[in-house]
There are 2 protein chains.
Amino acid sequence: MDVTSVVNGVDVDRLHATVEHVSADPSLARFQFRASNQWIDGGHNRTTIKGFYGAGAEDVSRSEPFVLDTDEPPVLLGRNLGPNAGEYLLHALAACLTGTIVYHAAARGIALSGLDSTVEGDIDLQGFLGLDESVRPGFQQIRVSFKARGDFDDDQLAELAELTSFSSIRDTVSNPVPVAIEVTRA
Amino acid sequence: MDVTSVVNGVDVDRLHATVEHVSADPSLARFQFRASNQWIDGGHNRTTIKGFYGAGAEDVSRSEPFVLDTDEPPVLLGRNLGPNAGEYLLHALAACLTGTIVYHAAARGIALSGLDSTVEGDIDLQGFLGLDESVRPGFQQIRVSFKARGDFDDDQLAELAELTSFSSIRDTVSNPVPVAIEVTRA
């Protein structure tokens with residue numbers, strides 16, 4: 001008899017309970033995530049992340065904020081005090097795809113023993129620099145390669161790839177998201 | 001006489017030299033950024049970032065990799081061992097918009113003394129959970145609010161907002177980027 005409900009480190013009983021709660025009250029699925037950024041100097045700036053709203057309440061689980069530094073490498077006039085924003089975006093995508101595969105595989109009873117990935121993003125800085133209007137400022141193409149280990153057959157291996165369609169950041173990057181920006185005087 | 005070429009912490013002489021080099025040889029603007037991720041347990045995974053290709057060569061300026069941990073908060077079955085992927089994406093957007101304003105303002109001679117921002121992203125987890133096909137998995141709307149300080153007039157304040165159109169991550173989030181994903185057996 002199976003005495004644990006934990007698959008891939010995910011508490012599947014709690015996951016199923018979450019799904020039931022959300023099914024009964026879809027408003028519980030509404031989340032608002034946040035970040036605050038402060039420019040320091042040149043390409044160096046710092047983000048703090050702490051609170052968010054979700055599951056019907058303001059979250060209070062974090063006593064200290066997460067602090068993330070961004071900078072550029074010397075070739076882009078920075079001092080390597082942190083990854084640059086493009087690298088953070090690729091990281092967010094890889095992390096989300098990984099979490100998505102792990103959670104959804106757990107819900108389907110597919111046990112993983114390892115999941116590694118590499119992500120590459122191509123960008124042409126003529127867009128950022130405003131040198132060629134036909135070149136977009138953003139990534140032109142992103143490729144993600146996963147290596148999975150575990151007790152699964154080839155059909156389940158194919159299923160793991162399909163599960164990435166549930167990824168929030170895959171959708172955010174693949175499809176348009178409205179971004180509203182305002183700049184006012186402090 | 002102006003004896004320094006540094007505006008907003010950006011070496012404007014080097015920035016202009018970079019633009020001249022890229023104008024003469026557009027292939028120098030082609031960059032490939034990268035990240036590698038390893039799943040640890042449950043919602044916890046870890047990214048390392050080090051090398052990239054750009055300006056016609058493989059970069060060797062970083063002796064140690066940047067290491068970034070991702071996790072979920074308890075309400076999403078994690079242990080808060082890091083920000084989640086959605087928060088990292090909002091951070092990447094804020095950091096890129098900030099750097100974009102700072103660099104382009106420097107090139108135009110607009111001196112800033114401060115630039116703070118907050119970013120909020122709305123998401124409905126019915127999409128991630130696969131409970132409602134009409135709900136997208138990704139962010140539905142993102143709002144960014146900047147507070148700028150410095151010696152600039154109202155026309156230049158409006159110009160700062162327009163400069164965000166050069167942001168690589170704004171474009172990446174606002175417009176579709178092709179994402180190719182493969183999952184193979186390790």
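To find a chain, count down the sequence lines: A is the first, B the second, and so on, and within it residues start at 1.
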- Message: Is the shortest side-chain heavy-atom distance between Leu125(A) and Val22(B) below 4.5 Å?
- Response: no

- Item | Atom group of Glu72(A) that falls short of 4.5 Å from chain B, counting heavy atoms | side chain

- Message: Please classify the contact of Ser113(A) with chain B as side chain, backbone, both or neither, using a heavy-atom distance under 4.5 Å.
- Response: backbone

- Note on the structure: Pair count under 4.5 Å, heavy atoms only, with chain A: among Ile40(B), Thr18(B), Asp59(B), Asp154(B), highest is Asp154(B)

- Message: If we define contacts as heavy-atom pairs under 4.5 Å, which of Thr70(B), Asn80(B), Asp124(B), Ile101(B) has the most with chain A?
- Response: Asn80(B)

- Close side-chain approach of Pro176(A) to Pro176(B), heavy-atom, < 4.5 Å: yes

- Query: Under a 4.5 Å heavy-atom cutoff, which of Gly86(A), Pro73(A), Ser23(A) has the most pairs with chain B?
  - Reply: Pro73(A)

- When heavy-atom pairs shorter than 4.5 Å are enumerated against chain B, which of Leu97(A), Leu68(A), Leu112(A) gives the highest number? Leu68(A)

- Query: Do Ile123(A) and Ser168(B) have side chains that get closer than 4.5 Å, going by heavy atoms?
  - Reply: yes

- Check against side chain to side chain contact (heavy atoms under 4.5 Å, CB included), Asn8(A) and Trp39(B): CA-CA 10 Å; Asn8(A) 301 335; Trp39(B) 171 52; 3.8 Å; yes

- Looking at Thr47(A), Asp11(A), Asp41(A), Thr100(A), which has the largest count of heavy-atom pairs under 4.5 Å with chain B? Thr47(A)

- Hey, does Val119(B) have a side-chain heavy atom less than 4.5 Å from the side chain of Asn37(A)? no

- Do Val173(A) and Val173(B) touch side chain to side chain, with heavy atoms closer than 4.5 Å? no

- Looking only at Pro137(B), Ser174(B), Gly9(B), the option with the highest number of non-hydrogen pairs under 4.5 Å against chain A is Pro137(B)

- Query: By a 4.5 Å heavy-atom criterion (distance strictly below it), what part of Thr48(B) contacts chain A: side chain, backbone, both, or neither?
  - Reply: neither

- Part of Asn45(A) lying under 4.5 Å from any heavy atom of chain B: side chain

- Item | Contact winner vs chain B - Ala94(A), Gly82(A), Gly43(A), heavy-atom pairs under 4.5 Å | Gly82(A)

- Portion of Leu81(A) that has a non-hydrogen atom of chain B nearer than 4.5 angstrom: backbone

- Task: Please state whether the side chain, the backbone, both or neither of Val102(B) comes within less than 4.5 Å of a heavy atom of chain A.
- Result: side chain

- Item | Distance, nearest 0.5 Å, that separates CD of Gln126(B) from CG of Leu28(A) | 9.5 Å

- Query: Got a second to check how far Thr164(A)'s OG1 is from Glu182(B)'s CD, nearest 0.5 Å?
  - Reply: 12.0 Å

- Donor-acceptor pair, His104(A) side chain versus Leu129(B) backbone, under 3.5 Å? no

- Message: Counting heavy-atom pairs closer than 4.5 Å to chain A, which one of Pro65(B), Ala85(B), Gly114(B) comes out on top?
- Response: Ala85(B)

- Heavy-atom count around Asp151(A) CG within 6.0 Å, excluding the residue itself: above 12? no

- Task: Take Thr118(B) and Arg34(A) through the test side chain to side chain contact (heavy atoms under 4.5 Å, CB included) and record every step on the way to the result.
- Result: CA-CA 7 Å; Thr118(B) 58; Arg34(A) 306 173 193 132; over 6 Å; no

- Query: What distance separates Glu162(A) CD from Ile181(B) CD1, expressed to the nearest 0.5 Å?
  - Reply: 12.0 Å

- Message: For the interface with chain A, which of Ser27(B), Ser145(B), Cys96(B) has the highest count of heavy-atom pairs at distances below 4.5 Å?
- Response: Ser145(B)

- Message: Measuring from atom CD1 of Ile169(B) to atom CZ of Phe128(A), what distance do you get when rounded to the nearest 0.5 angstrom?
- Response: 11.0 Å

- Message: Looking at every heavy atom in both Gly138(B) and Thr172(A), which two are closest together, and how far apart are they?
- Response: CA-OG1, 3.4 Å

- Query: Taking C-beta and beyond as the side chain, do Phe31(A) and Val75(B) meet within less than 4.5 Å on heavy atoms?
  - Reply: yes

- Ring centers of His91(A), Phe66(B) separated by less than 6.0 Å: no

- Query: Looking at Ala106(A), Gly42(A), Pro74(A), Gly127(A), which one has more heavy-atom pairs under 4.5 Å with chain B than the rest?
  - Reply: Gly42(A)

- Item | Engaged part of His44(A) at the chain B interface, taking heavy atoms whose separation is under 4.5 Å | neither

- Message: Can you tell me if Glu58(B) has over 12 outside heavy atoms packed within less than 6.0 Å of its CD?
- Response: yes

- Message: How long is the straight-line distance from CG of Leu90(A) back to OG of Ser36(B), given to the nearest 0.5 Å?
- Response: 10.5 Å

- Any side-chain heavy atom of Arg143(A) sitting closer than 4.5 Å to one from Gln32(B)? yes

- Item | Region of Val179(A) that comes under 4.5 Å of a non-hydrogen atom in chain B | both

- Would a 4.5 Å heavy-atom cut-off, applied to side chains only, mark Leu89(A) and Tyr88(B) as touching? no

- Query: Is it true that Asp171(B) and Arg136(A) make a salt bridge, defined as a side-chain N closer than 4.0 Å to a carboxylate O?
  - Reply: yes

- Between CG on residue Leu77(B) and CZ on residue Arg14(A), distance to nearest 0.5 Å: 4.5 Å

- Donor-acceptor contact below 3.5 Å, side chain Arg185(B) vs main chain Phe152(A): yes

- Fit a plane to each ring of Phe139(B) and Phe33(A), take the angle between them on a 0 to 90° scale, and name the class: parallel (under 30°), tilted (30 to 60°) or perpendicular (over 60°). perpendicular

- Message: Can you tell me which of Val10(A), Leu131(A), Leu160(A), Asp132(A) forms the most heavy-atom pairs within a distance under 4.5 Å of chain B?
- Response: Leu131(A)

- Would you mind listing every salt bridge (charged side-chain N to carboxylate O under 4.0 Å, His left out) that reaches into residues 85-109 of chain B, with sequence neighbours excluded? Arg62(A)-Glu87(B), Arg108(B)-Glu159(B)

